[in-house]
> 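This structure is in structure tokens; I'll ask about it shortly.
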Amino acid sequence: MAVVGVLALQGSYNEHMAALRRIGVKGVEVRKPEQLLGVDSLIIPGGESTTMAKLANYHNLFPALREFVGGGKPVWGTCAGLIFLANKAVGIKSGGQELVGGLDCTVHRNFFGSQLQSFETELLVPKLAEKEGGNDTCRGVFIRAPAILEVGSDVEILADCPVPADRPSITVTSAEGAEEVYSKDRVIVAVRQGNILATAFHPELTSDSRWHRFFLDMDKESQTKAFAALSLCSSEKDGENMPKNKPLDLPIFE
Ligand SMILES: NC(=O)CC[C@H](N)C(=O)O
């Protein structure tokens, strides 16, 4: 069975470990770069992204995390984890903040305001329901949450939500480079781009395990792809005399 790593520097990693346990999967806590070599997929939890980035720097994790994401293994960022995975983050502390990147989007670090403006809402998630069954909605727990302001063309939007009226207005840079107030009435809160899944909210704090299952399915997909690529590559190498109906990278006891 594939090994799911959970980045365990800070934040809600215990809750992700428990959510995995609930569906019969043993997560592995990851704190050091070399531990990434032993996992097939990785969850980057919510917490506080600046603190998490400082700890990741201290443990020299950024290069290994970038390699992991770039290598195509499934990675899921929740909340602060989403910020980590974004190619661009705005609303960050002065002095900047290191990102892992890989997800073609711009994220606003505290889009929904302060801790006091944390909220829960029902989100419409047809693609999640299509894949994992159940209702067309899921409970979104937003804790001093970020949101995704814009995405690249390869990014699939899995959920958006109305912008709450009590949120402080934020300034964004338009395509033409002008500063303007974010005025759309909805904002993106869950996306997928290939091997990367990102949610601005916290599924690990609810009893709905569909987001964890969705992520594990991404893991299965990626294992199948890796297997197919390996078979293809050995069939190219080994030529026509190999039997066509056997997986080529399994031991042959003949
Ligand atoms: N719950 C969360 O992960 C909050 C993230 C927070 N907005 C940050 O900057 O890191």
Side-chain angles (χ1 to χ4, degrees), residues 5-20 27 29-31 42-59 61-62 65 69 75-103 105-123 138-151 158-161 163-164 166-172 182 187-192 196-208 211-212 215:
V6 180
L7 190 67
L9 299 174
Q10 188 264 341
S12 65
Y13 60 88
N14 273 324
E15 289 76 2
H16 272 293
M17 295 288 285
L20 290 171
E29 293 183 5
V30 171
R31 294 191 178 83
L42 181 72
I43 297 176
I44 307 182
E48 208 285 320
S49 58
T50 319
T51 311
M52 215 187 286
K54 282 190 185 147
L55 291 167
N57 245 323
Y58 178 79
H59 292 284
L61 267 158
F62 275 105
L65 285 169
V69 177
V75 185
W76 175 17
T78 54
C79 209
L82 152 66
I83 301 171
F84 254 52
L85 291 173
N87 279 350
K88 186 174 172 201
V90 295
I92 52 180
K93 286 192 180 148
S94 64
Q97 162 173 335
E98 191 158 356
L99 304 173
V100 173
L103 178 59
C105 75
T106 302
V107 79
H108 190 290
R109 186 173 151 258
N110 286 327
F111 181 87
F112 293 101
S114 71
Q115 192 77 14
L116 292 176
Q117 282 149 318
S118 300
F119 64 100
E120 288 187 27
T121 188
E122 287 300 301
L123 296 169
C138 78
R139 192 85 188 141
V141 179
F142 291 82
I143 306 173
R144 199 155 50 94
I148 299 168
L149 304 179
E150 48 189 31
V151 292
L158 301 177
D160 67 0
C161 84
V163 174
D166 64 345
R167 182 193 56 97
S169 77
I170 60 158
T171 309
V172 293
Y182 186 87
V187 70
I188 302 165
V189 292
V191 293
R192 177 179 178 180
I196 304 176
L197 175 66
T199 52
F201 49 95
H202 289 264
E204 77 283 8
L205 300 182
T206 71
S207 57
D208 185 349
W211 284 103
H212 287 82
F215 181 59

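These numbers come from a predicted model, not from an experiment. For ligands, and for the atoms within them, numbers begin at 1 and follow the listed sequence.
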> Is the closest side-chain heavy-atom distance between Phe201 and Phe112 below 4.5 Å?
no

> Which pair of non-hydrogen atoms, one from Phe215 and one from Ile43, has the smallest distance, and what is that distance?
CE2-CG1, 3.7 Å

> What atoms in ligand 1 come closer than 4.0 Å to a heavy atom of His202?
1 (N), 2 (C)

> Against heavy atoms of Ile83, which atoms of ligand 1 measure under 4.0 Å?
8 (C), 9 (O), 10 (O)

> For atom 4 (C) of ligand 1, which candidate among Gly47, Ala145, Pro146 holds the nearest heavy atom?
Gly47

> Looking only at protein heavy atoms, identify the closest one to atom 6 (C) of ligand 1 and say how far it is in Å.
Arg144 O, 3.5 Å

> Are Leu103 and Val151 side-chain neighbours, meaning at least one heavy-atom pair lies under 4.5 Å?
no

> Is any N or O atom of Ile143, backbone or side chain, closer than 3.5 Å to an N or O atom of ligand 1?
yes

> So, Arg109 and Glu48, do they make that salt bridge, N to O below 4.0 Å?
yes

> Decide yes or no for Leu99 and Ile83: does some side-chain heavy atom of the first lie under 4.5 Å from some side-chain heavy atom of the second?
yes

> Would you mind reporting whether His202 and Phe142 have side-chain heavy atoms less than 4.5 Å apart?
no

> For atom 10 (O) of ligand 1, what is the closest protein heavy atom, and at what distance to 0.1 Å?
Ser49 N, 2.5 Å

> How far is atom 2 (C) of ligand 1 from its nearest protein heavy atom, and which residue and atom name does that atom have?
Cys79 SG, 2.7 Å

> Can an N or O of Gly46 be found at a distance shorter than 3.5 Å from an N or O of ligand 1?
no

> Against ligand 1, does Met52 come closer than 4.0 Å with any heavy atom?
no

> Taking 4.0 angstrom as the limit and counting only heavy atoms of Asn110, give me the atoms of ligand 1 inside it, by number and element.
6 (C), 7 (N), 9 (O)

> Do any N/O atoms on Thr50 end up under 3.5 angstrom from N/O atoms on ligand 1?
no

> Check whether any N or O atom of Arg109, backbone or side chain, sits under 3.5 Å from an N or O atom of ligand 1, and answer yes or no.
yes

> Looking at CD1 of Ile196 and SG of Cys105, how far apart are the two atoms once the value is rounded to the nearest 0.5 Å?
9.0 Å

> Side chains of Val191 and Ile148, heavy atoms from C-beta outward: is any pair under 4.5 Å?
yes

